[in-house]
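Computation of the quantities below employed the complete heavy-atom set of this structure, encompassing side-chain atoms and omitting hydrogens, waters and symmetry-equivalent molecules. Atoms within each ligand, like the ligands themselves, are counted from 1 in listed order.
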Amino acid sequence: MKLTILGNNSALPAYSRHPTAQLLEVNQQFHLIDCGEGTQMQLQLYGLSPFKIRCIYISHLHGDHYFGLVGLLSSLSLLGRTQELDLFGPQELKQIIEIQLVWELGYPLNFHALNFQESISIVEHKAVEVISFPVKHSIPTCGFQFIERKRKRILLPEKVREFEIPKYFYSKLTEGADYIKADGTIIANETLTLPGSVPKKYVYAADTQFLPELKQYFLDADVLYHETTYLQSDTAKAHLRMHATTVEAAEMALNSGVKKLLIGHFSSKYKDLSPFLEEAQTIFANTELALEGTTFDI
Ligand SMILES: [Zn+2]
């Protein structure tokens, strides 16, 4: 999986930083996570084709997370898209789109309402499963887990030949099956294959206040994106507005055993972002700023 940051600022654009949007590439398909104002321009700037977007996820209905959506949907139609698109968001988003788009799109837009009560699996593609989970913000908000499907086991050519396994059975071996010979002898899968690499996990925590219970969704993530709207000195403001600070995000990463922490959703009051990195790294060393235009391998 590859993650490109398209927007990393909070409510207002500032210092050339855009409102929130991220693009996750899985198996040559794009998953767009939130769609703040200017997202389609950012896609253009970084040479990312909007045609490869298969699913869009809108975490909540604050403008900095979806004001770029209708423009993008409209452009895709004008550019001649015919392939269907799955859109996940709060139920009200469906009506918002219908009011703004008075003409018909040239492609099927499948709308799926998010569930803010419990964690559920919303996408089960061949390469990835996406699970939404409720976080704690001033309006109903979901975060998303992106989990690669189990990697297939790797055939050992010499062993497969040695035990005379027929070719038609190779795909079953990669899925973990044992081979049973005509005389009933069982050749264990482990004799014939090696384990595939460990499936990767990316977690997007959206806008949320510090909430230790979210650990259950962050556990062992290869990369966790957690918002840090404020520095530690503005903790009171963060709590009032139901956002998180550098220190809080870093503590969540540390307690959840994640491998890397990305921080973003910076308040427009800060021009210099280096204090965000410094503060978070004092608690969780493997932290990086979610800088626009940066692509992270997951
Ligand atoms: Zn926001």
Side-chain angles (χ1 to χ4, degrees), residues 3-24 31-43 56-72 87-93 96-97 114 116 132-146 202-211 214 217-218 223-232 234-250 252-253 261-271 273 276 280 289-294:
L3 180 76
T4 302
I5 307 301
L6 302 172
N8 64 8
N9 219 50
S10 61
L12 294 167
Y15 310 112
S16 303
R17 304 194 303 254
H18 296 72
T20 300
Q22 301 185 356
L23 195 75
L24 185 71
H31 297 251
L32 180 63
I33 311 164
D34 280 331
C35 190
E37 191 181 344
T39 295
Q40 58 174 328
M41 302 296 288
Q42 292 291 86
L43 288 168
I56 301 177
Y57 311 85
I58 301 297
S59 63
H60 65 300
L61 288 182
H62 281 156
D64 55 326
H65 295 258
Y66 83 98
F67 279 174
L69 179 64
V70 171
L72 175 64
L87 171 63
F88 300 83
Q91 180 65 54
E92 298 86 345
L93 183 61
I96 291 170
I97 292 169
L114 288 173
F116 296 105
S132 67
F133 57 93
V135 297
K136 194 150 190 194
H137 193 36
S138 53
I139 60 170
T141 303
C142 271
F144 305 100
Q145 295 173 297
F146 297 83
Y202 172 58
V203 182
Y204 174 82
D207 284 14
T208 185
Q209 67 174 53
F210 176 68
L211 188 67
L214 294 178
Y217 307 117
F218 301 168
V223 178
L224 165 68
Y225 165 83
H226 198 294
E227 70 128 291
T228 52
T229 308
Y230 295 103
L231 294 171
Q232 193 184 15
D234 279 322
T235 299
K237 194 175 276 181
H239 291 180
L240 190 70
R241 297 181 179 172
M242 301 183 83
H243 283 299
T245 68
T246 47
V247 168
E248 291 170 333
M252 285 304 305
L261 171 67
L262 285 185
I263 53 174
H265 199 268
F266 308 111
S267 165
S268 53
K269 69 179 278 188
Y270 307 105
K271 184 175 184 186
L273 299 179
F276 280 86
L289 297 173
L291 294 179
E292 292 180 14
T294 310

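Shown here are the protein N/O/S atoms lying under 2.8 Å from the Zn ion (ligand 1), water excluded: Asp64 OD2, His65 NE2, Asp207 OD2, His265 NE2.
Classified by interplanar angle (parallel below 30°, tilted 30° to 60°, perpendicular above 60°), the ring pair His62/His60 is perpendicular. Using a 30° and 60° split on the angle between ring planes, Phe133 and Tyr217 fall in the parallel class, below 30°.
Although no hydrogens or angles enter the test, the distance criterion places a donor-acceptor pair under 3.5 Å between the side chain of Thr208 and the main chain of Lys136.
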Does the ring-ring contact (aromatic ring centres under 6.0 Å, His included) test come out yes or no for His137 and His243, once each step is laid out? CA-CA 7 Å; His137 193 36; His243 283 299; 4.7 Å; yes
Trace of the side chain to side chain contact (heavy atoms under 4.5 Å, CB included) decision for Arg17 with Leu273: CA-CA 11 Å; Arg17 304 194 303 254; Leu273 299 179; 3.4 Å; yes
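Here Phe266 and Tyr15 keep their ring centres 6.0 angstrom or further from each other.
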